[in-house]
Amino acid sequence: MHIIAPSILAANFLKLEEDLDMINRSEAEYLHVDVMDGVFVPNISFGQNIVKFISSKCNKTIDVHLMIVNPEKYIESFQEVGAEIITAHVEATNHAHRLIGQIKETGAKAGLALNPHTPINVLENVLEELDQVVLMSVNPGFGGQKFIYQTLSKIEALNEAKIKRNLNFNIEIDGGVGLQNAEKILQCGANVLVAGSSVFKSENPLETVSKLQSIGKNHVAKF
Ligand code: DX5
Ligand code: ZN
């Protein structure tokens with residue numbers, strides 16, 4: 001069964017508590033939390049203080065996506081404010097293997113994210129160590145962008161490697177995911193869908209999460 005991870009970046013920050021309450025009542029299993037530093041990506045979101053507030057009010061798994069340079073400086077502090085999965089960008093470190101170890105050492109699950117231009121084979125020698133791979137399906141920095149369709153073949157190739165090597169990491173897809181393309185993304189082998197605008201900007205966010213979660217359920221096997 002796949003996992004829905006609404007992205008809090010698309011919430012109304014004046015009503016953050018209400019939006020978190022909605023997430024708590026939803027069928028989502030994760031809450032995706034985007035941290036941007038204005039250097040690794042051309043936008044600034046929020047830091048540890050806000051993540052602390054979010055995690056104190058949210059009963060879902062806190063899935064922190066660090067879009068920052070020097071991620072190794074901040075791993076412990078994000079775990080301390082409630083991050084349960086910590087994903088850093090492979091493009092932001094020269095020492096991916098060490099970084100994975102550092103994340104796990106805190107007790108959090110370890111993820112690496114790849115920008116759209118980064119081939120999946122950079123992960124070849126660390127796949128065994130990872131709990132999650134995040135494939136960016138937009139250029140990171142902003143919510144509400146269009147899904148880059150070349151991501152689909154990356155998902156398929158990564159899933160093939162996962163099956164071949166009998167591994168168990170999450171394949172999380174981040175950016176431009178919604179009801180229009182979720183089924184296809186899941187069919188390619190993803191098991192975690194990040195959904196920002198498609199959830200928070202929809203008329204009925206609870207229902208949208210539920211619909212995203214139900215994809216694939218009603219499929220009757222054809223003989
Ligand atoms: C983009 C972020 C995404 C973003 C997704 O840089 O990493 O997690 O919140 O937003 P949508 O779903 O609106 O594309
Ligand atoms: Zn993200």
Side-chain angles (χ1 to χ4, degrees), residues 2-13 16 19-20 22-23 26 28-47 50-51 54-55 58 60-69 71 74 78 83-92 103 108-118 131-152 154-155 170-186 190-203 205 208-209 211-213 215:
H2 60 275
I3 291 168
I4 306 302
S7 173
I8 200 68
L9 190 68
N12 178 349
F13 274 66
L16 195 49
D19 280 350
L20 288 168
M22 180 278 291
I23 295 298
S26 79
E29 188 176 324
Y30 291 179
L31 180 69
H32 187 82
V33 180
D34 287 311
V35 176
M36 307 179 184
D37 67 353
V39 181
F40 183 73
V41 287
N43 194 14
I44 299 174
S45 60
F46 44 74
I50 301 286
V51 177
I54 291 169
S55 63
C58 185
K60 307 294 183 177
T61 298
I62 305 295
D63 173 36
V64 170
H65 176 194
L66 297 178
M67 285 161 274
I68 63 175
V69 297
Y74 303 99
F78 278 101
E84 293 167 271
I85 307 172
I86 300 179
T87 297
H89 270 260
V90 77
E91 302 87 359
I103 297 172
K109 296 231 179 334
L112 283 178
L114 303 186
N115 278 335
H117 74 277
T118 305
D131 298 304
Q132 172 160 288
V133 175
V134 177
L135 295 181
M136 293 308 303
S137 39
V138 298
N139 287 295
F142 304 92
Q145 302 182 79
K146 201 167 165 283
F147 183 84
I148 297 170
Y149 271 86
Q150 285 85 336
T151 315
L152 294 176
K154 284 173 85 173
I155 304 171
N170 279 339
I171 300 181
E172 177 176 274
I173 308 307
D174 189 8
V177 178
L179 287 166
Q180 75 289 355
N181 55 15
E183 184 165 15
K184 184 79 199 140
I185 293 167
L186 293 169
N191 73 311
V192 185
L193 302 178
V194 175
S197 322
S198 64
V199 167
F200 286 96
K201 313 286 185 223
S202 71
E203 236 165 71
T208 305
V209 174
K211 282 184 180 163
L212 286 166
Q213 187 65 78
I215 289 169

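Both counts, for ligands and for their atoms, begin at 1 and track the order of listing. If you're wondering where the values come from, they're calculated on a predicted model, not measured in any experiment. Side chains included, hydrogens not; waters and symmetry mates left out as well; all remaining heavy atoms used.
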Which atom names give the shortest non-hydrogen contact between [X] and [Y], and what distance separates them?
X	Y	value
Lys60	Glu29	CB-O, 3.5 Å
Ser198	Ala195	OG-CB, 3.4 Å
Met36	Asn43	CB-O, 3.2 Å
Pro42	Phe142	O-CZ, 3.3 Å
Ala28	Val209	N-CG1, 3.6 Å

[X]: numbered ligand 1 atoms lying under 4.0 Å from its heavy atoms:
X	answer
Gly141	1 (C), 6 (O)
Ser197	11 (P), 12 (O), 13 (O)
Gly175	14 (O)
Met36	6 (O)
Gly143	10 (O), 13 (O)
His32	8 (O)
Asp174	2 (C), 3 (C), 4 (C), 5 (C), 7 (O), 8 (O)
Asp34	2 (C), 3 (C), 4 (C), 7 (O), 8 (O), 9 (O)

Within the side chain of [X], is there an N or O that forms a donor-acceptor pair under 3.5 Å with the backbone of [Y]?
X	Y	value
Lys154	Pro116	yes
Ser137	Asp174	yes
Asp37	Val39	yes

Within a strict 2.8 Å cut-off of the Zn ion (ligand 2), protein N/O/S atoms tallied 4
Looking only at side-chain N and O atoms, does Asp63 offer a donor or acceptor that is under 3.5 Å from a partner on His65? no
Any side-chain donor near an acceptor of the partner, Asn170 and Tyr30, under 3.5 Å: yes
Against ligand 1, does Lys201 come closer than 4.0 Å with any heavy atom? no
Distance col, row Ile86:CD1 vs Lys109:NZ, nearest 0.5 angstrom, shows 12.0 Å
If you round to the nearest 0.5 Å, how far is CG of Leu66 from CZ of Phe40? 10.5 Å
Tell me the nearest of Ala113, Ser198, Gly176, Gly196 to atom 14 (O) of ligand 1, using heavy-atom distances. Gly176
For a side chain to side chain contact (heavy atoms under 4.5 Å, CB included) with Ile54, tell me which candidate from Ile23, Asp19, Leu31 qualifies. Leu31
Do any nitrogen or oxygen atoms of Ser7 come within less than 3.5 Å of a nitrogen or oxygen of ligand 1? yes
State whether the shortest distance between N or O atoms of Met67 and N or O atoms of ligand 1 falls below 3.5 angstrom. no
Tell me: protein heavy atom nearest atom 1 (C) of ligand 1, and distance? Phe142 O, 3.5 Å
Protein heavy atom at shortest distance from atom 11 (P) of ligand 1: Gly144 N, 3.6 Å
Which bit of Pro140 gets closer than 4.0 Å to ligand 1, counting heavy atoms only: side chain, backbone, both or neither? both
